[in-house]
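Notes for the one structure printed next.
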Amino acid sequence: MDKVYNHKEAEDKHYKTWEEKGYFKPEINPDGKPYCIILPPPNANGDLHFGHAMFTVEDILIRYHRMKGDAALWLPGTDHAGIETQFVFEKKLQSEGQSRFDYSQEELYQMIWDFVKQSHGKIQNQLKKLGYSLDWSREKFTLDPEIQKLVYKTFKKMYEDGLIYRAHKLVNYCTRDGTSFSDLEVIHEERNSPLYYIRYGPLVLATTRPETKFGDTGVAVNPNDERYKQYIGKEIEIETVLGKASMKVVGDEAVDPEFGTGVVKVTPAHDFTDFEIGKRHDLPLKQVIGYDGKMNDHAGRFEGLYVKQARAAIVEEMKEKNLIEKVDEGYMNRVGLCYKCKTILEPLPLEQWFVKVDSLRNEAIRVIKEKKVKIHPQVFETHCLQWLENLRDWNISRQIVWGMRIPAWKNKATGEWMVTEGDSPEGMEWEQDTDTFDTWFSSGQWPFVTLKTSKDGDFEKFYPTAVLETAYDILRAWVSRMVMLGTYVTGEVPFRNVLFHGIVNDPYGKKMSKSKGNVVNPLELIEQYGADAVRFALVYGNATGNDQSLSYPKLDAARKFTNKLWNMARFIEMAEKDANQEFGVNNSLRDLKEGTKLKENYEWIEKAQNLIDEVTKYIDSYQFNLAAERLYEFSWHEFADIYIEDIKRSTENESWVVLKSIYVILLKLLHPFMPFVTEEIYQKMSGHGESIMIEKWPSI
RNA sequence: GGAUCCAUAGCUCAGUUGGUUAGAGCGCGUCAUUGACAUUGACGAGGUCAGUGGUUCGAGUCCACUUGGGUCCACCA
């Protein structure tokens, strides 16, 4: 053996062999208990970021269960990531001086498809470099035809069950990206929004959005507000910059008498609260802002101005006409921004497909409360339930091309809708909706659509899956949706356990992001420290679910650990040369224990038994950090520092057999954490088996 | 405005049913070693476990409050 472990040489070689020999397939343990993890599909629009290296936790579980003899399946896949990908692609187009408007829907789709294909190759390479024992023969992509078909089927079923409806409602609309978003995709930010006190006939009201006044169809006050009771139900005459108008005053509980003057203008077409008020009092919807973000013809001479310009111009004129009583310039409020481009979102009325969430949500809450789905660490269960309880109907229409086109057709003559499982209806009068599904509508079905379209029998065998492991930041967007949709479609929960890992920040504790330029590609670190060291460093010293900062000292410590393990093997090899024989390995600790005559051997066997017991318990309870710490501690400070130092004085052959046997146990226990170095050592040792990867997990 | 998490050695963090002198990595000090170890080993310094009060025979661990930091959620015009 060389003096130093060379990870670069070992890693690619072993991964290739493992894959070729079919070790990643569950069929390697044909009679084993099914154990399945579906890889959270990375977005197929670029490289993996460093946080994805936390999937190491899944590989640990899979390798551990495979060694325990389970039919372990880790199923890989990628997500088309609708708006995310289209956004990345549009930026790319932009940098080439082009725009999405230069292409037809079909052309754009094809171009993004090609782009995604390239990304896919990079992602697959990264996952392999990390040593992940994924069954590539079962790989899936969200836009695979057979996956789409199942998603369509779900949509149709939901439509028939009355869980999908089409409605003209307010949506969060990004006038820059040209699409609506779900509530979840809106980010709120504190902004300075001057509060204008506007004269409205006999009343004064406060608003941050004077430009929407052309869309006002009423004025609201709190019904218990003594100051304004007299006006409720009356029409008031008001002066506007576009001339006189009359407005109905309504009483509504949503109005807070303490805020501003206690009077609110009601603009049902451009404000969520106002939309609700309008519905309660039968106020009409009057849209004054278009989907291009400009004022429309209801705004008179302000038509064609962008919202911001219009606001300034209108305020100017209102001041001239003395319609503004005062302005609170320093007023701060929270505005909704597009989470991709940070444009202020406009609430705009649009006809969209919605998921009625009531029954789905209640069922999801039930299975979580009844522990049919167990969430670890426990605290995330609270988060999940809290979100589910506040859930509102889910807008699943997106006005983008990159995604699954919604399988709904409108009759040009009658306007009625027909939903199919993807097939076009007969006849020329049907026109397909141009919108696509929210990405999460398809990824929310991931566990069952993958298994149902995989090898025959996979669904029956592996569903519900054992564990869903992912970063906690997509608990709401993804995990909750999977529980809802999976339970609804299959009648069974999608997974028995959910396990959350934390975020990996940069060395200074700051979130890694492309705009900050502090992202680290896992490949760089693998190159430098070796995949095993990267994996080990991520697991060691960090409790499950907690965030961590990338630590170079820790990576270095982990790399030294791989080298230490290597040198233990060299020591044994050297001893064998000196003794001019190969020491045997006995895999049965019990036999060894019964056979030994020496007290110190007996004691070391007991220590090994304890170690197996502890590590097994820690993995079973998802305490990977404790398992890693215990293995590190034992290997280095007990096995190397004490055991090996002591045995240097021994001439007993039996002692060497015990030592070597315990060393092999150590390698096996470490294999899920550090697959490459353990395999490389194992292959180099005398009397080794085919691969440590398919060896049996040590037992007491 | 709600919810939630965190505060433990110089730094980064472990410490899951409350139980003997509170742990690791890195860093630091002294010595040894280059015949497994591109190094490693031995020994060592270093903590009123944020603060206050409480429950308990016993609290870093449970409860309340305070202070400082983070995250998430929310339709305040």
Side-chain angles (χ1 to χ4, degrees), chain A residues 1-5 170 172 183-184 186-188 193 195-198 205-210 212 216 219-220 254-256 258-267 270-277 331 333-334 336 347 376-380 382-387 389-392 472-473 475-476 502-503 505 507-509 511 536-537 540-575 577-578 617-618 621-623 625-626 628-630 632-633 636-637 640-642 644-645 647-648:
Chain A
M1 290 171 79
D2 294 338
K3 206 167 178 189
V4 181
Y5 167 59
L170 287 200
N172 307 290
D183 297 333
L184 196 57
V186 180
I187 55 170
H188 295 275
S193 314
L195 188 62
Y196 301 93
Y197 286 73
I198 299 174
L205 56 79
T207 180
T208 56
R209 301 209 57 187
T212 62
D216 293 358
V219 175
V255 181
D256 175 6
E258 303 293 319
F259 186 89
T261 59
V263 184
V264 182
K265 70 195 205 55
V266 185
T267 323
H270 298 292
D271 185 282
F272 289 101
T273 310
D274 293 5
F275 183 83
E276 295 301 321
I277 296 176
Y331 183 72
N333 74 345
R334 294 180 76 80
H376 318 264
Q378 171 86 33
V379 28
F380 291 109
T382 318
H383 290 185
C384 196
L385 288 173
Q386 190 185 332
W387 183 72
E389 274 153 16
N390 295 325
L391 198 56
R392 293 188 295 179
Y472 66 74
D473 59 352
L475 186 157
R476 283 173 295 276
I503 309 295
N505 293 314
Y508 307 99
K511 197 163 185 163
F536 201 77
Y540 184 96
N542 182 256
T544 307
N546 284 2
D547 291 352
Q548 63 179 314
S549 303
L550 185 63
S551 162
Y552 289 98
K554 205 153 90 171
L555 282 163
D556 209 42
R559 186 193 56 77
K560 282 182 182 163
F561 182 48
T562 57
N563 203 49
K564 187 75 182 179
L565 290 171
W566 178 261
N567 275 295
M568 294 175 197
R570 285 187 69 210
F571 171 76
I572 294 171
E573 186 190 56
M574 188 192 74
K577 269 183 197 149
D578 287 352
K617 274 188 188 150
Y618 284 143
S621 57
Y622 306 129
Q623 294 172 280
N625 56 322
L626 298 185
E629 283 155 31
R630 189 71 194 95
Y632 180 92
E633 176 66 21
W636 203 310
H637 299 302
D641 290 349
I642 301 173
I644 287 185
E645 289 308 316
I647 205 170
K648 283 178 177 171

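Order of the sequence lines sets the chain letters (A, B, ...), proteins ahead of strands, with each chain counted from 1.
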Expressed in angstrom and rounded to an integer, what is the separation of [X] atom [atom1] from [N] atom [atom2]?
{"X": "A/N563", "N": "B/U40", "atom1": "CG", "atom2": "P", "answer": "8 Å"}
{"X": "A/N625", "N": "B/G15", "atom1": "CG", "atom2": "C1'", "answer": "9 Å"}
{"X": "A/R630", "N": "B/G15", "atom1": "CZ", "atom2": "C1'", "answer": "14 Å"}
{"X": "A/W566", "N": "B/U39", "atom1": "CH2", "atom2": "P", "answer": "16 Å"}
{"X": "A/I644", "N": "B/A36", "atom1": "CD1", "atom2": "C1'", "answer": "7 Å"}
{"X": "A/R570", "N": "B/C37", "atom1": "CZ", "atom2": "C1'", "answer": "7 Å"}
{"X": "A/L626", "N": "B/G25", "atom1": "CG", "atom2": "C1'", "answer": "15 Å"}
{"X": "A/I187", "N": "B/C73", "atom1": "CD1", "atom2": "P", "answer": "10 Å"}

Between [atom1] on residue [X] and [atom2] on residue [Y], distance to nearest 0.5 Å:
{"X": "A/L626", "Y": "A/Y540", "atom1": "CG", "atom2": "OH", "result": "10.5 Å"}
{"X": "A/Y472", "Y": "A/T544", "atom1": "OH", "atom2": "OG1", "result": "13.5 Å"}
{"X": "A/M1", "Y": "A/M574", "atom1": "CE", "atom2": "CE", "result": "12.5 Å"}
{"X": "A/F561", "Y": "A/N563", "atom1": "CZ", "atom2": "CG", "result": "11.5 Å"}

Nearest heavy atoms of [X] and [Y], plus distance in Å:
{"X": "A/N625", "Y": "A/N542", "answer": "CB-O, 3.3 Å"}
{"X": "A/K511", "Y": "A/N505", "answer": "CA-OD1, 3.3 Å"}
{"X": "A/A640", "Y": "A/K564", "answer": "CB-CE, 3.7 Å"}

Results of side chain to side chain contact (heavy atoms under 4.5 Å, CB included) for [X] - residues two or more places apart only:
{"X": "A/P507", "result": "A/L550, A/Y552"}
{"X": "A/V186", "result": "A/N172, A/H188, A/L345"}
{"X": "A/T261", "result": "A/Y197, A/V204, A/L205, A/Y228, A/V263"}

Short N/O separations, protein against nucleotides 5-13 of chain B, under 3.5 angstrom:
unit_1 : atom_1 : unit_2 : atom_2 : d
B/C13  : O2'    : A/G541 : O      : 2.1

Distance check, [atom1] atoms only: [N] and [M], in whole angstrom units.
{"N": "B/U16", "M": "B/A22", "atom1": "P", "result": "16 Å"}
{"N": "B/A50", "M": "B/C6", "atom1": "P", "result": "12 Å"}
{"N": "B/U4", "M": "B/A9", "atom1": "C1'", "result": "28 Å"}
{"N": "B/G18", "M": "B/C37", "atom1": "C1'", "result": "42 Å"}
{"N": "B/C28", "M": "B/G10", "atom1": "C1'", "result": "9 Å"}
{"N": "B/U30", "M": "B/G35", "atom1": "P", "result": "25 Å"}
{"N": "B/G23", "M": "B/G47", "atom1": "C1'", "result": "11 Å"}

Nucleotide N/O of nucleotides 41-46 of chain B paired with protein N/O under 3.5 Å:
unit_1 : atom_1 : unit_2 : atom_2 : d
B/G41  : OP1    : A/W636 : NE1    : 2.2
B/G41  : OP1    : A/D641 : OD1    : 3.1

- Task: For B/U39, take OP1 and OP2 only and decide whether either is under 4.0 Å from a side-chain N or O of A/R559.
- Result: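 The answer is yes; a side-chain N or O of A/R559 sits under 4.0 Å from OP1 or OP2.
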- Report which part of the nucleic acid A/K511 touches: base, sugar-phosphate, or nothing (heavy-atom distance under 4.0 Å, all strands). nothing
- Task: Indicate, with a heavy-atom threshold strictly under 4.0 Å, whether A/Y632 touches base, sugar-phosphate, or nothing.
- Result: sugar-phosphate
- Task: Please tell me if the side chains of A/T212 and A/D271 come closer than 4.5 Å, counting only heavy atoms from C-beta onward.
- Result: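 Of all side-chain heavy-atom pairs linking A/D271 with A/T212, none is under 4.5 Å.
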- Query: Less than 4.5 Å apart, any side-chain heavy atom of A/F571 and any of A/K648?
  - Reply: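 The answer is yes; the side chains approach within 4.5 Å.
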- Task: Please lay out, stage by stage, how A/Y632 and A/F536 fare under the test side chain to side chain contact (heavy atoms under 4.5 Å, CB included).
- Result: CA-CA 10 Å; A/Y632 180 92; A/F536 201 77; 4.0 Å; yes
Does [X] have any salt bridge (charged side-chain N to carboxylate O under 4.0 Å, His left out) partners at least two apart in sequence or in another chain, and if so, which?
{"X": "A/R570", "result": "none"}
{"X": "A/K617", "result": "A/D613"}
{"X": "A/R209", "result": "A/E211, A/E346"}

- Message: Under the rule for side-chain hydrogen bond (donor to acceptor under 3.5 Å, both in side chains), what residues qualify as partners of A/N546, not counting sequence neighbours?
- Response: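 Partners of A/N546 by the side-chain hydrogen bond (donor to acceptor under 3.5 Å, both in side chains) criterion come out as none, since no residue qualifies.
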- Item | Parallel, tilted or perpendicular: rings of A/H376 and A/Y622 (30°, 60°) |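 Ring orientation of A/Y622 relative to A/H376: perpendicular.
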What are the atom names and distances for every N/O pair under 3.5 Å that joins the protein to nucleotides 75-77 of chain B?
unit_1 : atom_1 : unit_2 : atom_2 : d
B/C75  : OP1    : A/R392 : NH2    : 3.2
B/C75  : O2'    : A/T273 : OG1    : 3.0
B/C75  : O2     : A/T273 : OG1    : 3.1
B/A77  : OP1    : A/N333 : ND2    : 3.2
B/A77  : OP2    : A/Y331 : OH     : 2.6
B/A77  : O2'    : A/A206 : O      : 3.3
B/A77  : N6     : A/D256 : O      : 2.4
B/A77  : N6     : A/F259 : O      : 3.2
B/A77  : N1     : A/D256 : N      : 3.1

Under 3.5 Å, which N/O atoms of the protein pair with N/O atoms of nucleotides 27-29 of chain B?
none

- Closest-nucleotide 5' rank along RNA chain B - winner of A/Q623 and A/M568: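 Looking at the nearest nucleotide for each, A/Q623 comes out on the 5' side.
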- Item | Canonical and wobble pairing (Watson-Crick, G-U, under 3.5 Å) of RNA chain B, dot-bracket with | | (((((((..((((.....[...)))).(((((.......))))).....(((((..]....))))))))))))....
